[in-house]
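Have a look at the structure below, then the notes.
Chain A is the first sequence line, chain B the second, and so forth, proteins listed ahead of strands; every chain is numbered from 1. The basis for the numbers below is simple: all heavy atoms, side chains too, and nothing from hydrogens, waters or symmetry mates.
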Amino acid sequence: QKVSVEVLEHLEQLALVDFRDWEGVERLQKAIQFADQLQEVNTDGVEPMDSVLEDRCLYLREDDVTEGNCTKELLENAREKLEEYFVAPPGNIPLPKLEERETFLQGS
Amino acid sequence: AALKDGLRSQVSAALKEGRVTPTELCQRCLALIKSTKFLNAYITVAEESALKQAEESEERYKRGQPLGILDGVPIAVKDNFNTAGIETTCASNMLKGYISPYNATVVQKLLDRGAVLLGKTNLDEFAMGSGSTDGVFGPVRNPWSYSKQYKEKSVPKSHSGDEESDWVITGGSSGGSAAAVSSFTCFAALGSDTGGSTRNPAAHCGVVGLKPTYGLISRHGLIPLVNSMDVPGILTRCVDDAAVLLGSLAGHDPKDSTTIQDGFKPFELPNLTDVSKLSIGIPKEYDAPGLSSEILALWSKAADLFKNAGAKVVEVSLPHTRYSIVCYHVLCTAEVASNMARFDGLEYGHRSDMKDSTESMYAATRREGFNDVVRGRILSGNYFLLKQNYEKYFVKAQKVRRLIANDFMKVFKSGIDILLTPTTLTDAAPYKEFIQEDNRTRSAQDDILTQAANMAGLPAISVPTALSERGLPVGLQFIGRSFQEKQLLTVAKWFEKQVQFPVIQLEEVKRHDSGVFQHQKSASFS
């Protein structure tokens, strides 16, 4: 079963990375095929494992402020900033529809 | 002291006694890095800061107040650990030019003990890969490609220019770190291990590669790949040195709540002489398809070594071994999809010029910043996490993970102390051959023997064992019980002593070391 163009497009929107070319799509197809081998394993009655440390109580510290005040350092690595703000292009604008976008999937 | 020396006994003693100064040592390592530039092991060489650290160390030695065994010792760190003031790139365009404002906990610990940070080593982009061939700064070359041992065994080709293109890979993804330690440019290096990324290149480069138990060493500052499996890895030239590094790095870190809170006591490894109380398990599933007959024979020989020395050697079964790599593939891509979401160009890293909207800026930034491998894993991960796929792939993989971890539990409960397995299927492949297959295929093939230990969070170590017929290193792997690093390393040290792995013979190193200091017969034991 091949992955539908709708799903491919949906993935590109979720991931915000592109398949770029047929090789990229093939890569996903092969990855799915590879992962399908898991169906061979009988996991009846088996609980999913989140962490190998599940039997332990992990450390939670007190909700106290112990560090911070490093605005200057944190802003150093940002390309676009203004005073103490990171500057982003306008939000709440959905990605253009498939037809309008320049994506390789358009051709499919 | 020679650049080939082991940390504990030789270099440390030499520094203390003043036979060599930290600045001399640092300068020699820096010079060697320059002359082995063709290996491409380093992305960034922090020459100025390293010399400054060496000077400070020298002052401490003069005052008779060294900070400990690591004071003045040159080390290298894989470029996916944050280092304050030094570029951290993860070998990706996404982080080119990124100067971290803080040190990863493990880096801080090393610096606090006076270690001299020479630079950041090369890797596969974002530690995704098993060859150290897929980073934006190019592939890392295995120093053994230039060794006398390899050259002697190479079939002479018709054209002399072929020596340049016949070099073999280091394995990965911590290839830069392995190459750096193997070529004597540093005494120890940090790597990371998520599916075998420290043990694989260790085996191919003839060095010791330790993957500690998950939860023992802090991941704070290690740019994450798979949060539930990543661990910082340790690469050294002998097992004793690995124990020294472990002693400096292990322990609870309040900044990483996945580090356990049990107290950790650094240890010195005893010189084990009696192995009769040991029970070694040989998992039959590790005789995996593709395992070279040469390595199979070495593995068998090693088992006999233990048997003849009086240990109990038993064949065991880890039935879900062959699903480990599939399980890893799903869980890794799923966690990667989540972890890579932080790279959007706003707070740090590469940012696209696209200005139309936040989303389109993010998309363009990520398109420009990530290579095929990273993008591929993000997309696969997102696929497995889709509502309609979640149970079938992600949750299923989590269940299989438990089965894999249980396999190990059963074996250890039955009285086995340590498991002995091969680390890799073959010796290092020539680069030209390696790149014929894509990254995902290679990773799936190469991680088969190392991956399950990450699934179960167990400690594992690759010890250089012997040279292959092609004159290249082959390592064998020991897997131990959770948090039983002392036992694991003790057995590894015993084994290392038995096999006496040869020292690499590199022209470059000879030139830097000759005449001034004693020749060391072997770098692999104290």
Between A:C57 and chain B, with a heavy-atom cut-off of 4.5 Å, which part of the residue counts as in contact: side chain, backbone, both or neither? backbone

B:F394, part contacting chain A, at a heavy-atom distance under 4.5 Å: neither

State, to 0.1 Å, how close B:R367 and A:D18 come at their nearest heavy-atom pair, and which atoms those are. CG-OD1, 2.7 Å

Does a side chain donor of either B:S360 or B:S357 reach within less than 3.5 Å of an acceptor in the other side chain? yes

Tell me, out of B:S380, B:S482, B:G369, B:P101, who's got the most heavy-atom pairs with chain A below 4.5 Å. B:S380

Picking from B:M229, B:H320, B:K355, which has the most non-hydrogen pairs under 4.5 angstrom with chain A? B:K355

B:A337 versus chain A, the contacting section by heavy-atom distance below 4.5 Å: neither

Indicate the ring-plane relationship of B:F126 and B:F343, choosing parallel, tilted or perpendicular according to the 30° and 60° boundaries. tilted

Interchain contact, B:Q261 with chain A, by part (heavy-atom threshold 4.5 Å): side chain

Quick one: what part of B:L331 sits under 4.5 Å from any heavy atom of chain A, side chain, backbone, both or neither? neither

Distance-only donor-acceptor check, side chains B:N93 and B:H350, under 3.5 Å: no

Chain B: which of A:I93, A:V46, A:N92 shares the most heavy-atom pairs with it under 4.5 Å? A:V46

So does B:K399 pair up with A:D44, basic N to acidic O under 4.0 Å? no

Under 4.5 Å from any heavy atom of chain B - which part of A:N42: backbone

Under 4.5 Å from a heavy atom of chain A, the part of B:N439 involved: neither

Among A:A31, A:A78, A:G91, the residue with the most heavy-atom pairs under 4.5 Å to chain B is A:A31

Tell me, out of A:D36, A:V3, A:L75, A:L74, who's got the most heavy-atom pairs with chain B below 4.5 Å. A:D36

Looking only at B:N406, B:D353, B:D438, most heavy-atom pairs under 4.5 Å shared with chain A are made by B:D353

Against chain A, work out which of B:K396, B:Q388, B:R401 has the most heavy-atom pairs shorter than 4.5 Å and name it. B:K396

Do B:N103 and B:N82 get their side chains close enough for a donor-acceptor pair, meaning under 3.5 Å? no

Between A:K81, A:R56, A:H10, A:E23, who has the most heavy-atom pairs with chain B when the cutoff is under 4.5 Å? A:R56

Select one option (side chain, backbone, both, neither) describing which atoms of B:R377 are under 4.5 Å from chain A's heavy atoms. neither

Relative to chain B, which segment of A:E67 carries a heavy atom at a distance below 4.5 Å: side chain, backbone, both, or neither? side chain

Quick one: does B:E87's side chain have a donor or acceptor within less than 3.5 Å of a partner on B:G97's backbone? yes

Segment of B:D356 engaging chain A (4.5 angstrom heavy-atom cut-off): backbone

When you compare the side chains of B:D256 and B:T259, does any donor N or O come within less than 3.5 Å of an acceptor on the partner? no

Report which part of B:V330 has an atom under 4.5 Å of a heavy atom belonging to chain A: side chain, backbone, both, or neither. side chain

State which residues pass ring pair (Phe, Tyr, Trp, His ring centres under 6.0 Å) with B:H220; sequence neighbours excluded, sorted by chain then number. B:Y102

Part of B:M340 within contact of chain A (heavy atom distance under 4.5 Å): neither

Taking atom NZ of B:K211 and atom CD1 of B:I479, what is their separation to the nearest 0.5 Å? 9.5 Å

Given the options A:R20, A:Q37, A:E80, which has more heavy-atom pairs under 4.5 Å with chain B than any of the others? A:R20

Who pairs with B:Y328 by side chain to side chain donor-acceptor pair (under 3.5 Å), at least two apart in sequence or on another chain? none

Would you compute the distance between atom CD of A:E12 and atom CG of B:L379 and round it to the nearest 0.5 angstrom? 7.0 Å

Is there a side-chain contact between A:K2 and A:Q29 (heavy atoms, below 4.5 Å)? yes

Interface residue of largest heavy-atom contact number with chain A, from B:F370, B:Y362, B:Y214, under 4.5 Å: B:Y214

Rounded distance (nearest 0.5 Å) linking atom CG of B:N382 with atom CZ of B:F384: 11.0 Å

Choice from B:G349, B:A405, B:P254 maximising heavy atom contacts with chain A below 4.5 Å: B:P254

Which bit of A:K30 comes within less than 4.5 Å of chain B, counting heavy atoms only: side chain, backbone, both or neither? both

Under 4.5 Å to a heavy atom of chain B? For A:L38 that would be both

Go through A:I32 and B:Y393 one step at a time and tell me if the side chain to side chain contact (heavy atoms under 4.5 Å, CB included) criterion holds. CA-CA 9 Å; A:I32 299 169; B:Y393 291 100; 3.5 Å; yes

As an exercise: rank A:S51, A:A35, A:C70 by heavy-atom pairs under 4.5 Å with chain B and give me the winner. A:A35

Roughly how far apart are B:Y98 OH and B:C90 SG, rounded to 0.5 Å? 9.5 Å

Side chain, backbone, both or neither of A:R61 within contact of chain B (heavy atoms, under 4.5 Å): neither

Considering only heavy atoms, which portion of A:E54 lies under 4.5 Å from any heavy atom of chain B: side chain, backbone, both, or neither? side chain

Part of A:V7 lying under 4.5 Å from any heavy atom of chain B: side chain

Under 3.5 Å, side chain of B:T83 to main-chain N/O of B:I86, donor-acceptor pair present? yes

